[in-house]
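Here is the structure we will look at.
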Amino acid sequence: MEAFSVFTSLGLNERLFAVSVQELHALVPHSEQLGPAVVSSDILDFISSKDLANQFTEHDWNLFKSVHQVELIYYIFGQQKFPNATAANLERFLRRFNELQFWVTTELCLCPDVIKRAQLLRKFIKLAAHLKDQKNLNSFFAVLFGLSHSAITRLSKTWEKLPHKTRKLYGSLERMLDPSWNHRIYRLAMAKLTPPIIPFMPLLLKVPLSPLRSRPQHLLEEARAMRASTCSEQSLSTRSPAATWAYIQHLKVIDSQKELLRLSRDLES
C-alpha cells in the first residue's frame with residue numbers, strides 16, 4: 001500500500017491545491033493569498049481599542065480552552081516520539097498569534113495618510129495595554145511583536161506624531177519583550193497574576209528538551225498543573241456586534257516580509 005501525506009498546518013496565506021503533476025506548472029496564487037490592498041478603516045474607526053480587546057480575548061479564550069494539556073507534550077516532542085498524535089488545537093492557537101501579529105503590521109503599512117496612521121498606531125498601543133489588563137498575554141505579545149516589526153519601527157514620522165503619553169505607555173509595555181535573564185520581566189509579571197490567564201504560548205513551549213526526554217510523565221503533570229493554574233471556566237467574554245465578531249475571526253494579513261517592507265518604504269522613504 002502506498003503512503004500518502006498532506007500538510008497538517010499551513011502558513012497564514014498558504015493553500016493546498018489538489019492537482020495532477022501535469023497541472024502543477026499552471027498553478028497561480030488565489031487573490032486572497034496576496035493579502036488585503038487597503039486598510040480596514042471602515043471597521044476599525046468605529047471600534048474602540050477596549051472593545052477590540054474584549055473581542056480578541058473572547059475569541060482567544062475559546063481557542064485556548066480547547067487546547068488539551070497533552071498537546072503540549074505532543075508539540076514539544078514531535079512526530080518522532082508520538083507518530084499518531086496531533087496537536088491541532090494548539091497549532092490553531094499558535095496560528096492565531098502569527099495572524100494577529102501580521103494583522104497589526106499589515107494595517108499600519110496599508111494606511112497611506114501619516115495622521116491616520118499615527119491614530120491607528122495609537123489605537124494599537126492602547127489595544128496592547130487593554131489586552132495586558134485583561135490578562136490575555138498571548139495577544140498582548142502578538143500586538144507588540146507586530147508593532148516592533150522593522151516595517152513599523154522605521155516609520156519615524158508616524159511615531160513622532162504620537163502624544164508623549166502614548167510613547168511613554170508604549171515604552172513601558174515594550175519592556176515586557178526583554179528576553180534577558182530568561183524573560184525575567186515577563187515571568188515576574190506573570191507570577192503576580194491570578195487566573196483566568198491566557199499565557200504567552202510561544203514562550204511556554206520553549207522548554208529545554210534534553211532534561212525532559214527522560215521524564216515525559218513529569219512533563220505531563222507540569223502541563224496539567226499549568227492548565228489548572230492558567231485556565232478557568234470563568235467567562236472572559238462580552239457580548240458584541242456580529243460584524244465586529246466576524247471581522248476579528250477572519251483577519252486579512254500580508255505575511256510577506258518583503259512586501260511589508262516595500263509598503264513601509266513607499267510610506268516613508
Side-chain angles (χ1 to χ4, degrees), residues 9-14 32-41 43-44 47 49 52-53 56 59-60 93-132 136-163 166-180 183 185-186 198 200-203 205-206 247-248 250-269:
S9 61
L10 297 171
L12 294 177
N13 287 337
E14 292 178 349
E32 63 181 19
Q33 291 182 256
L34 303 177
V38 294
V39 67
S40 305
S41 58
I43 297 177
L44 292 177
I47 311 175
S49 55
L52 203 55
F56 281 131
H59 182 69
D60 295 347
F93 187 65
L94 293 172
R95 177 187 175 89
R96 179 61 173 183
F97 179 93
N98 294 329
E99 187 178 62
L100 184 53
Q101 173 187 346
F102 277 109
W103 171 73
V104 169
T105 307
T106 297
E107 290 294 330
L108 287 167
C109 285
L110 289 177
C111 191
D113 183 78
V114 65
I115 301 297
K116 290 184 177 179
R117 193 163 60 248
Q119 293 173 346
L120 186 58
L121 177 59
R122 181 170 178 261
K123 173 171 282 189
F124 284 149
I125 292 172
K126 292 174 67 177
L127 169 63
H130 288 307
L131 289 168
K132 182 173 179 286
N136 183 354
L137 301 181
N138 200 67
S139 285
F140 164 72
F141 274 94
V143 172
L144 284 188
F145 275 36
L147 294 174
S148 63
H149 192 286
S150 57
I152 305 305
T153 56
R154 64 173 301 280
L155 299 175
S156 57
K157 295 178 182 178
T158 305
W159 288 93
E160 288 172 359
K161 294 189 178 299
L162 287 178
T166 305
R167 290 201 300 269
K168 186 177 180 181
L169 172 62
Y170 178 72
S172 66
L173 298 175
E174 192 181 29
R175 284 197 288 272
M176 290 281 282
L177 295 177
D178 185 0
S180 60
H183 297 270
I185 295 178
Y186 165 76
I198 303 178
F200 178 28
M201 188 61 74
L203 181 59
L205 293 171
K206 284 180 60 178
Y247 172 75
I248 65 101
H250 303 285
L251 299 176
K252 299 183 184 301
V253 306
I254 297 172
D255 61 353
S256 167
Q257 305 283 0
K258 183 177 180 180
E259 178 63 11
L260 288 170
L261 286 171
R262 184 193 69 79
L263 290 169
S264 176
R265 293 190 187 100
D266 288 346
L267 293 174
E268 297 183 23
S269 57

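Both backbone and side-chain heavy atoms feed into the values below; hydrogens, waters and symmetry mates do not. Counting from 1, the numbers follow the sequence of the chain as shown.
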Between C109 and A151 the two heavy atoms that sit nearest each other are SG-CB, 3.9 Å

Interatomic distance, SG@C111 vs CG@L267, rounded to 0.5 Å, equals 8.0 Å

* Yes or no on side-chain contact (heavy atoms from CB on, under 4.5 Å) for R122 and Y170, after CA distance, side-chain angles and deciding distance? -> CA-CA 9 Å; R122 181 170 178 261; Y170 178 72; over 6 Å; no

message: Is there a side-chain contact between L108 and L147 in this structure, where contact means two heavy atoms from C-beta onward sitting under 4.5 Å apart?
response: yes

dist K132:NZ -> M176:CE (nearest 0.5 Å) comes out at 5.5 Å

Query raised in the report: Donor-acceptor pair, S40 side chain versus I43 backbone, under 3.5 Å?
Result: no

Shortest non-hydrogen pair, L173 vs A129, comes out as CD1-N, 3.9 Å

Are side-chain heavy atoms of Q257 and H149 found at a separation under 4.5 Å? yes

(Q) Has R154 got a side-chain atom pairing as donor or acceptor with L261's backbone, closer than 3.5 angstrom? (A) no

Taken to the nearest 0.5 Å, the spacing of N136 CG from F56 CZ works out to 9.5 Å

- [ ] Kindly determine whether I125 and L162 satisfy side-chain contact (heavy atoms from CB on, under 4.5 Å), including the steps that lead there.
- [x] CA-CA 10 Å; I125 292 172; L162 287 178; 3.8 Å; yes

Heavy-atom nearest pair, P112 first then R117, reads O-NH1, 3.4 Å

_Strictly below 4.0 Å, N to O, side chains only: are E160 and K157 in salt-bridge contact?_
no

From the list D60, L94, I198, L100, side-chain contact (heavy atoms from CB on, under 4.5 Å) with N138 holds only for I198

Q. Any donor-acceptor pair under 3.5 Å linking the side chain of W159 with the backbone of I152?
A. yes

**OP:** Anything under 30° is parallel, anything over 60° is perpendicular, the rest tilted; go ahead and classify F141 against F200.
**Re:** parallel

Interatomic distance, CH2@W103 vs CZ@F124, rounded to 0.5 Å, equals 4.0 Å

Residues at least two apart in sequence or cross-chain that pass salt bridge (Lys or Arg N to Asp or Glu O under 4.0 Å) with E174, listed by chain then number, are none

Contacts satisfying ring-ring contact (aromatic ring centres under 6.0 Å, His included) that involve residues 250-269 (not counting sequence neighbours) are none

Report task. Take K123 and E107 through the salt bridge (charged side-chain N to carboxylate O under 4.0 Å, His left out) test and state the conclusion after the steps. Result -> CA-CA 11 Å; K123 173 171 282 189; E107 290 294 330; over 6 Å; no

| message | With a 3.5 Å distance limit and no angle check, can you tell me whether T106 reaches the backbone of I254 through a side-chain donor-acceptor pair? | response | yes

- prompt: Is the distance between the ring centroids of F145 and F97 under 6.0 Å?
  reply: yes

With a 4.5 Å limit on heavy-atom distance, are the side chains of L52 and L44 in contact? yes

So CE of M201 and OG of S139: to nearest 0.5 Å the spacing works out to 11.5 Å

In this structure, CG of L121 is separated from OG1 of T158 (nearest 0.5 Å) by 7.0 Å

N/O donor-acceptor pair under 3.5 Å between T105 side chain and F102 backbone: no

